[in-house]
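Below: one structure, written as C-alpha coordinates.
Heavy-atom basis, side chains included; hydrogens, waters and symmetry copies ignored. Counting starts at 1 for both ligands and their atoms, in listed order.
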Amino acid sequence: MENCIFCKIVAGEIPSSKVYEDEDVLAFLDISQATPGHTLVIPKEHVRNVLDMSADTAQSLFARVPKIARGLQKATGADGMNIINNNEEAAGQTVFHAHIHLLPRYADGDELDIRFTAHEPDFPALAALAQSISQEVQA
Ligand code: AMP
Ligand code: ZN
(Lines give C-alpha, C1' and ligand atoms only; values in the text may rest on other atoms or scores of the structure.)
(Ligands and ions follow the chains in the order given, each with its own letter.)
Protein backbone atom coordinates (compact mmCIF):
# COMPACT_ATOMS: atom_id res chain seq x y z
CA MET A 1 0.00 0.00 0.00
CA GLU A 2 1.32 3.44 -0.96
CA ASN A 3 2.77 5.46 1.90
CA CYS A 4 2.84 2.49 4.25
CA ILE A 5 6.28 2.35 5.83
CA PHE A 6 6.14 -1.42 6.40
CA CYS A 7 5.04 -2.08 2.80
CA LYS A 8 8.11 -0.08 1.78
CA ILE A 9 10.26 -2.30 3.99
CA VAL A 10 8.67 -5.40 2.38
CA ALA A 11 9.41 -3.94 -1.08
CA GLY A 12 13.02 -3.17 -0.07
CA GLU A 13 12.49 0.58 -0.62
CA ILE A 14 13.43 1.31 2.99
CA PRO A 15 16.26 -0.55 4.75
CA SER A 16 15.57 -2.86 7.66
CA SER A 17 17.54 -5.27 9.82
CA LYS A 18 15.89 -8.51 8.73
CA VAL A 19 15.92 -11.52 10.99
CA TYR A 20 13.51 -13.79 9.07
CA GLU A 21 11.77 -13.84 5.71
CA ASP A 22 9.60 -16.24 3.75
CA GLU A 23 6.88 -15.95 1.12
CA ASP A 24 4.27 -14.52 3.49
CA VAL A 25 6.07 -13.11 6.52
CA LEU A 26 8.95 -10.75 7.32
CA ALA A 27 10.61 -10.15 10.69
CA PHE A 28 13.02 -7.30 11.37
CA LEU A 29 14.45 -5.39 14.31
CA ASP A 30 12.34 -2.53 15.62
CA ILE A 31 14.18 0.71 14.90
CA SER A 32 13.57 1.76 18.51
CA GLN A 33 14.76 -1.15 20.66
CA ALA A 34 12.47 -1.21 23.70
CA THR A 35 14.63 -4.08 24.93
CA PRO A 36 17.70 -5.53 23.17
CA GLY A 37 16.49 -7.69 20.29
CA HIS A 38 13.01 -6.07 20.02
CA THR A 39 11.66 -7.57 16.79
CA LEU A 40 8.58 -6.98 14.64
CA VAL A 41 6.88 -9.81 12.75
CA ILE A 42 4.63 -8.66 9.89
CA PRO A 43 2.55 -10.18 7.12
CA LYS A 44 3.90 -9.14 3.71
CA GLU A 45 0.33 -8.47 2.66
CA HIS A 46 -0.88 -5.03 3.74
CA VAL A 47 -3.50 -5.41 6.43
CA ARG A 48 -4.32 -2.73 9.01
CA ASN A 49 -4.28 -4.91 12.13
CA VAL A 50 -5.61 -8.13 13.65
CA LEU A 51 -9.14 -6.72 13.82
CA ASP A 52 -9.05 -6.55 10.02
CA MET A 53 -7.17 -9.79 9.34
CA SER A 54 -8.33 -12.91 7.49
CA ALA A 55 -7.88 -16.32 9.13
CA ASP A 56 -5.44 -17.27 6.34
CA THR A 57 -3.17 -14.29 6.97
CA ALA A 58 -3.39 -14.84 10.72
CA GLN A 59 -2.52 -18.49 10.26
CA SER A 60 0.69 -17.80 8.37
CA LEU A 61 1.66 -14.83 10.55
CA PHE A 62 1.10 -16.36 13.98
CA ALA A 63 2.43 -19.75 12.94
CA ARG A 64 5.91 -18.25 12.38
CA VAL A 65 6.08 -16.60 15.81
CA PRO A 66 7.35 -19.53 17.93
CA LYS A 67 10.25 -20.28 15.56
CA ILE A 68 11.32 -16.62 15.35
CA ALA A 69 10.87 -16.18 19.11
CA ARG A 70 13.06 -19.20 19.87
CA GLY A 71 15.82 -17.97 17.54
CA LEU A 72 15.61 -14.53 19.10
CA GLN A 73 15.81 -15.95 22.59
CA LYS A 74 18.88 -18.03 21.71
CA ALA A 75 20.65 -15.16 19.97
CA THR A 76 20.03 -12.63 22.76
CA GLY A 77 20.27 -14.96 25.75
CA ALA A 78 16.95 -13.51 26.95
CA ASP A 79 15.33 -15.09 30.01
CA GLY A 80 11.79 -14.52 28.76
CA MET A 81 9.75 -12.68 26.15
CA ASN A 82 6.64 -10.52 25.92
CA ILE A 83 4.67 -10.85 22.70
CA ILE A 84 2.47 -7.82 22.11
CA ASN A 85 0.20 -6.65 19.33
CA ASN A 86 -1.38 -3.17 19.32
CA ASN A 87 -4.64 -2.66 17.42
CA GLU A 88 -5.85 0.90 16.73
CA GLU A 89 -4.68 4.14 18.25
CA ALA A 90 -6.43 3.58 21.58
CA ALA A 91 -4.23 0.51 22.04
CA GLY A 92 -1.04 2.29 21.04
CA GLN A 93 -0.87 1.36 17.35
CA THR A 94 1.20 3.94 15.47
CA VAL A 95 2.02 2.03 12.27
CA PHE A 96 -1.13 0.83 10.52
CA HIS A 97 0.31 -2.30 8.92
CA ALA A 98 -0.23 -5.23 11.28
CA HIS A 99 2.77 -6.27 13.35
CA ILE A 100 3.59 -8.40 16.36
CA HIS A 101 6.19 -7.13 18.82
CA LEU A 102 8.61 -9.73 20.21
CA LEU A 103 10.23 -8.23 23.30
CA PRO A 104 13.04 -10.27 24.84
CA ARG A 105 13.14 -9.83 28.63
CA TYR A 106 16.16 -9.99 30.89
CA ALA A 107 16.06 -11.24 34.47
CA ASP A 108 18.80 -8.87 35.57
CA GLY A 109 16.69 -5.89 34.46
CA ASP A 110 15.59 -4.01 31.35
CA GLU A 111 13.66 -0.82 30.63
CA LEU A 112 10.27 -2.36 29.87
CA ASP A 113 7.48 -2.09 32.44
CA ILE A 114 4.29 -3.96 31.55
CA ARG A 115 1.97 -4.54 34.45
CA PHE A 116 -1.73 -5.25 34.86
CA THR A 117 -3.57 -3.68 37.77
CA ALA A 118 -5.23 -6.33 39.93
CA HIS A 119 -8.98 -5.94 40.57
CA GLU A 120 -11.43 -7.79 42.80
CA PRO A 121 -13.38 -10.22 40.59
CA ASP A 122 -17.10 -9.45 40.06
CA PHE A 123 -18.36 -12.90 39.01
CA PRO A 124 -21.92 -11.97 37.91
CA ALA A 125 -20.50 -9.13 35.78
CA LEU A 126 -17.92 -11.51 34.29
CA ALA A 127 -20.64 -14.02 33.40
CA ALA A 128 -22.82 -11.37 31.71
CA LEU A 129 -19.89 -9.92 29.78
CA ALA A 130 -18.71 -13.37 28.66
CA GLN A 131 -22.18 -14.16 27.39
CA SER A 132 -22.46 -10.99 25.31
CA ILE A 133 -18.97 -11.45 23.86
CA SER A 134 -19.68 -15.08 23.12
CA GLN A 135 -22.78 -14.11 21.13
CA GLU A 136 -20.77 -11.66 19.02
CA VAL A 137 -17.96 -14.16 18.40
CA GLN A 138 -20.43 -16.80 17.19
CA ALA A 139 -22.41 -14.33 15.05
P1 AMP B 1 3.09 0.20 17.22
O2 AMP B 1 3.21 1.39 18.14
O3 AMP B 1 2.62 -1.05 17.87
O4 AMP B 1 2.29 0.55 15.97
O5 AMP B 1 4.57 -0.12 16.78
C6 AMP B 1 5.20 0.44 15.66
C7 AMP B 1 6.67 0.17 15.83
O8 AMP B 1 7.30 0.36 14.57
C9 AMP B 1 7.39 1.10 16.83
O10 AMP B 1 7.92 0.30 17.89
C11 AMP B 1 8.47 1.77 15.99
O12 AMP B 1 9.67 1.92 16.68
C13 AMP B 1 8.61 0.80 14.82
N14 AMP B 1 9.11 1.39 13.58
C15 AMP B 1 8.66 2.52 12.96
N16 AMP B 1 9.35 2.72 11.82
C17 AMP B 1 10.23 1.70 11.71
C18 AMP B 1 11.22 1.34 10.74
N19 AMP B 1 11.46 2.09 9.66
N20 AMP B 1 11.95 0.23 10.95
C21 AMP B 1 11.73 -0.53 12.05
N22 AMP B 1 10.81 -0.26 12.98
C23 AMP B 1 10.08 0.85 12.83
ZN1 ZN C 1 1.54 -1.84 4.56
Side-chain angles (χ1 to χ4, degrees):
M1 193 202 218
E2 228 179 299
N3 288 329
C4 170
I5 193 162
F6 287 177
C7 281
K8 287 184 178 159
I9 286 176
V10 170
E13 292 164 14
I14 287 181
S16 68
S17 306
K18 290 182 191 176
V19 306
Y20 176 81
E21 182 168 19
D22 64 31
E23 211 185 336
D24 303 315
V25 169
L26 180 64
F28 52 94
L29 294 181
D30 194 297
I31 205 167
S32 166
Q33 294 276 284
T35 63
H38 180 185
T39 293
L40 301 175
V41 186
I42 70 168
K44 287 189 169 178
E45 175 200 358
H46 180 86
V47 54
R48 182 177 173 88
N49 56 40
V50 170
L51 298 172
D52 235 19
M53 194 177 282
S54 70
D56 277 356
T57 301
Q59 191 170 328
S60 61
L61 178 64
F62 287 98
R64 301 319 187 263
V65 168
K67 180 185 167 77
I68 298 167
R70 280 191 291 268
L72 179 56
Q73 184 177 28
K74 272 198 172 168
T76 57
D79 302 296
M81 194 172 299
N82 290 111
I83 299 183
I84 299 176
N85 162 247
N86 300 328
N87 299 278
E88 299 300 337
E89 233 171 275
Q93 186 175 9
T94 60
V95 174
F96 292 89
H97 179 132
H99 51 278
I100 300 168
H101 294 264
L102 307 188
L103 292 146
R105 302 304 305 269
Y106 302 90
D108 56 2
D110 57 41
E111 286 179 358
L112 202 61
D113 187 9
I114 304 170
R115 267 180 289 191
F116 297 114
T117 310
H119 297 98
E120 277 305 309
D122 175 343
F123 293 109
L126 289 175
L129 181 58
Q131 198 188 7
S132 85
I133 296 169
S134 167
Q135 276 168 4
E136 289 297 335
V137 174
Q138 317 278 326

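The closest approach between any non-hydrogen atom of Leu29 and ligand 1 is below 4.0 Å. At a 4.0 Å cut-off, not a single heavy atom of Ser16 sits close enough to ligand 1 to count as contact. The closest approach between Phe96 and ligand 1 stays at or above 4.0 Å for every heavy atom of the residue. At least one heavy atom of Ile9 sits under 4.0 Å from some atom of ligand 1.
Scanning the protein heavy atoms around atom 1 (P) of ligand 1, the nearest turns out to be His99 NE2, 3.1 Å. Atom 8 (O) of ligand 1 has its closest protein heavy atom at Phe6 CZ, 3.5 Å. The protein non-hydrogen atom at the shortest distance from atom 4 (O) of ligand 1 is Thr94 N, 2.7 Å. Of the protein's non-hydrogen atoms, Asp30 OD2, 3.3 Å is the one closest to atom 9 (C) of ligand 1. Closest to atom 16 (N) of ligand 1, if we only count protein heavy atoms, is Ile5 CD1, 4.0 Å. Looking from atom 17 (C) of ligand 1 to the surrounding protein, the closest heavy atom is Ile31 CG2, 3.8 Å.
In this structure, Arg48 pairs ionically with Glu88, as a charged nitrogen and a carboxylate oxygen lie closer than 4.0 Å.
At a 3.5 angstrom cut-off on N or O pairs, Gly92 counts as close to ligand 1. Ligand 1 has no N or O atom lying under 3.5 Å from any N or O atom of His38, backbone or side chain. Any N or O atom pair closer than 3.5 Å counts here, and Gln93 shares no such pair with ligand 1.
The hydrophobic clustering, which links ILVMFWY residues whose side-chain heavy atoms are closer than 4.5 Å, places Phe62 and Phe6 apart.
Distance check: Gln33 CD to Asp110 CG gives 12.0 Å after rounding to the nearest 0.5 Å. Taken from CG in Asp52 to CZ in Phe96, the straight-line distance is 11.5 Å, to the nearest 0.5 Å. Taking CD from Glu21 and NZ from Lys18, the interatomic distance works out to 4.0 Å, rounded to the nearest 0.5 Å.
You'll find the side chain of Thr76 stays beyond 4.5 Å of the side chain of Pro36, heavy atoms only. In this structure, Arg105 and Asn82 have side chains that are in contact, with non-hydrogen atoms separated by less than 4.5 Å.
Between His99 and His97, the distance from one ring center to the other does not fall under 6.0 angstrom.
Listed by number with element, the atoms of ligand 1 under 4.0 angstrom from any heavy atom of Ser32 are 12 (O).
Per residue His46, closest N, O or S atom to the Zn ion (ligand 2): atom name ND1. For the Zn ion (ligand 2), the nearest N, O or S atom contributed by His97 is named ND1.
Distance alone, capped at 3.5 Å, places no donor-acceptor pair between the Arg64 side chain and the Ile42 backbone.
In terms of heavy-atom proximity, Ala107 sits nearest to Asp79 at N-OD2, 2.6 Å.
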